[in-house]
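Order of the sequence lines sets the chain letters (A, B, ...), proteins ahead of strands, with each chain counted from 1.
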2 protein chains.
Amino acid sequence: MANIQQVAQKAGVSVATVSRVLNNNATVSPHTRLKVETAIKDLNYEPSMLGRNLRNSESRLLLVLLPSISNPFYSEIINGIQTTAISNNYNILLCETDSNPDRENIYFNMIKNKLADGIISMDPAVNMQKLNELYEQYPVIQCSEYEEGGVIPYVTIDNEQAAYHAVKHLVKLGHENIALINSDEKFLYARQRRTGYERALQEFGFPIDETFIYHTQELKFSDGVQAMRKLLQLDRRPSAVFAVSDTLAIGALKEINASGLHVPEDIALVGFDKISFSNMTNPTLTTISQPMHEMGCTAARMLINSIHGEKIENIILDHEVIIRESTMG
Amino acid sequence: MANIQQVAQKAGVSVATVSRVLNNNATVSPHTRLKVETAIKDLNYEPSMLGRNLRNSESRLLLVLLPSISNPFYSEIINGIQTTAISNNYNILLCETDSNPDRENIYFNMIKNKLADGIISMDPAVNMQKLNELYEQYPVIQCSEYEEGGVIPYVTIDNEQAAYHAVKHLVKLGHENIALINSDEKFLYARQRRTGYERALQEFGFPIDETFIYHTQELKFSDGVQAMRKLLQLDRRPSAVFAVSDTLAIGALKEINASGLHVPEDIALVGFDKISFSNMTNPTLTTISQPMHEMGCTAARMLINSIHGEKIENIILDHEVIIRESTMG
DNA sequence: AAAGTCCATGTAATCGATTACAATTAAAAG
DNA sequence: CTTTTAATTGTAATCGATTACATGGACTTT
């Protein structure tokens, strides 16, 4: 309720001195400092960020753009972003776009309106033209998703190599008929993971069979179910499946069970992302783990550095193959 | 980049007039309005929320306190809150407390610092004393969780009745030995659900067997696994289990499968919350559905009304029993 | 003792908007 | 043709902080 004026009056000093105490400015005598601190306590004073932010022209808010919070893939990344943000005295504003351009616009405007100091985009469906425009004037970082040959700094993993490792793991187990459940190849990561899948097959001299590659619309459970249904209808049934997301893999698992087959005895299964539910399924799911927490921390650090005017380099983080029951015959 | 002064100068009017145009104030002649609008376009002007917020002493930000975003239970509620918030020109700040008092304090201070206009708490472990203190000065709403006999307005469901319906569903299927996997009874909802469980049993003349009631520390998958393990070691094995959260139920399911038993043939299973994964399990999970989206919308509406100085009444929403494979013999 | 330093504090401008009130002008009324 | 009244627009205070610069006093230095 009280403002800095009232504190100054009560302490018998000027507002400048109160401000100096608040900001731990060295040039205040211990005696005066004490008087001010007492007045602050007495009045139950809390500095208003509204005044401070206007004067400093900053909001200390970071925007995080993502398609949907209910997608568990993002949870850990958000955690990482938040941890780093808080320890740097920033806060994050989570922006669910639902891949809806109107929503996106609302949030882009928040940056222009000074309600946020920078933006981390994790939305694969983001309007890249607008994001690039924004980048000309404001700090922007892409996390996980990025534009090939673009100018906006990003942090991500090597999707091609990760898919390669997933498929190589299956090959080493003796599988020759390995299917791929991929998402729409309009997404860069989907193209990259397909390339990795093909490289692994080629390296071991297996042909690439287009009927073994299925593209889904989205990354939902039901897409996985549908994809697996198609794959099970093939004359030559795959003995292993690599799905580019855990949610798809869990859908595939459901369909395999429904058709009376068993994982991993009849079909081995590998997912991607190591979402928390991937070890709650039966059997637990072999998957590729991205260092999600670290990716979040890194993205936040990059953005904050960028806000401070530093030059930012792209960063590629390491992935890991998590071997669990769905590939352990 | 440009500010309201520059727009005023360019348009040849005063800043007051520009502000009137921005706020759609009626007392501006069409001719002047046009001049101003042209200047705004020419300069690419965007009003600064920092200035506006200071003047209006509001931040148009709502705080949402929750233990963890990765808990899918909260996803839909958050969605509801966000939808309502946005359509009222508010934004939400998601605050993960991890039930950590330090984190909580950071966020409580944001209210005092005017960085947020109000708070919705969904954290069962929230420090009620501090929340009550806050409520004396600032708008606060509790969502889903609340304090029995407390003064802070809340929106929730009838947990006792919901548990009663869950257990009654099992009784109707012919089960007599029904176990309860409950969470820590320091939580009000846990006590209420236990009461509902007992009322259903008593109504049908079944005794209440304490060995059939297991309390978990938290609501995690691993807690469900552990609980089920204990229940399976009993001399008289339950033929049905009601778990007070889907995550617990999914853990129980995993353990039942691991022990070679089948759901629902050997043991029927009911969860609570209808999280999205509850119909991705095998078998799909019978569960109690809370109207989560609606609960979120309601909480946000209550908070915004409260910010506008209105008097707020508590609201109890309806639940629903979702019957799926895990109870369909 | 005069001049120069340094330290602590105060004065007042500033950030970018909103808005009560004053001032101007034009239209309506007599 | 004056006087009212209404419709626009401008002036300046205000929200609550930060900070460059000015000021005054104590302490050195010569």
Let's test your reading of the model: under 3.5 Å, does the base of C:dT14 pair with the side chain of A:Arg55 as donor and acceptor?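 Indeed, a donor on one side and an acceptor on the other fall under 3.5 Å apart.
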
Base, sugar-phosphate, or nothing for [X], non-hydrogen atoms under 4.0 angstrom?
X: B:Val18; value: nothing
X: A:Ser29; value: sugar-phosphate
X: A:Thr17; value: sugar-phosphate
X: B:Asn56; value: sugar-phosphate

Side-chain touch B:Ile119/B:Phe108, heavy atoms, less than 4.5 angstrom: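 A side-chain contact exists here, since the closest heavy-atom pair is under 4.5 Å.
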
Angle by which the axis turns from one end of the helix from C:dA1-D:dT30 to C:dG30-D:dC1 to the other, five pairs per end, to 10 degrees: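 Roughly 50°, once rounded to the nearest ten degrees.
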
Results of side chain to side chain donor-acceptor pair (under 3.5 Å) for B:Ser48 - residues two or more places apart only: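 With sequence neighbours excluded, B:Ser48 shows a side chain to side chain donor-acceptor pair (under 3.5 Å) to no residue whatsoever.
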
Figure out the [atom1]/[atom2] separation between [X] and [N], and round it to whole Å.
X: B:Leu22; N: C:dA17; atom1: CG; atom2: P; value: 8 Å
X: B:Gln5; N: D:dA12; atom1: CD; atom2: P; value: 13 Å
X: A:Ile4; N: C:dA12; atom1: CD1; atom2: C1'; value: 14 Å
X: B:Glu58; N: D:dT14; atom1: CD; atom2: C1'; value: 16 Å
X: A:Leu43; N: D:dG16; atom1: CG; atom2: C1'; value: 15 Å
X: B:Met49; N: C:dC15; atom1: CE; atom2: C1'; value: 16 Å
X: B:Arg33; N: D:dA7; atom1: CZ; atom2: P; value: 16 Å

Aromatic rings B:Tyr154 and B:Tyr146: how do their planes relate, parallel, tilted or perpendicular, breaks at 30° and 60°?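 Taking B:Tyr146 first and then B:Tyr154, their aromatic rings lie parallel (interplane angle under 30°).
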
Rounded distance [0.5 Å steps], SG in B:Cys95 versus CD1 in A:Ile92: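 Answer for the SG-CD1 pair, B:Cys95 versus A:Ile92, is 9.5 Å.
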
B:His31 or B:Leu54, whichever maps to the more 5' nucleotide of DNA chain D: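 Result of the comparison: B:His31.
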
Does A:Ser14 place a side-chain N or O at less than 4.0 Å from the phosphate oxygens OP1/OP2 of C:dG10?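 Yes, within the criterion.
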
Could you tell me whether the phosphate oxygens of D:dC15, OP1 or OP2, come under 4.0 Å of any side-chain nitrogen or oxygen in A:Asn3?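 Negative; the distance criterion is not met.
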
Check the side chains of B:Asn105 and B:Lys130 for a donor-acceptor pair under 3.5 angstrom, ignoring hydrogens and angles.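 Yes, B:Asn105 and B:Lys130 have a side-chain donor paired with an acceptor closer than 3.5 Å.
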
May I have all residue pairs that pass ring pair (Phe, Tyr, Trp, His ring centres under 6.0 Å) and include part of residues 28-77 of chain A, sequence neighbours excluded?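 Qualifying pairs, neighbours excluded: none.
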
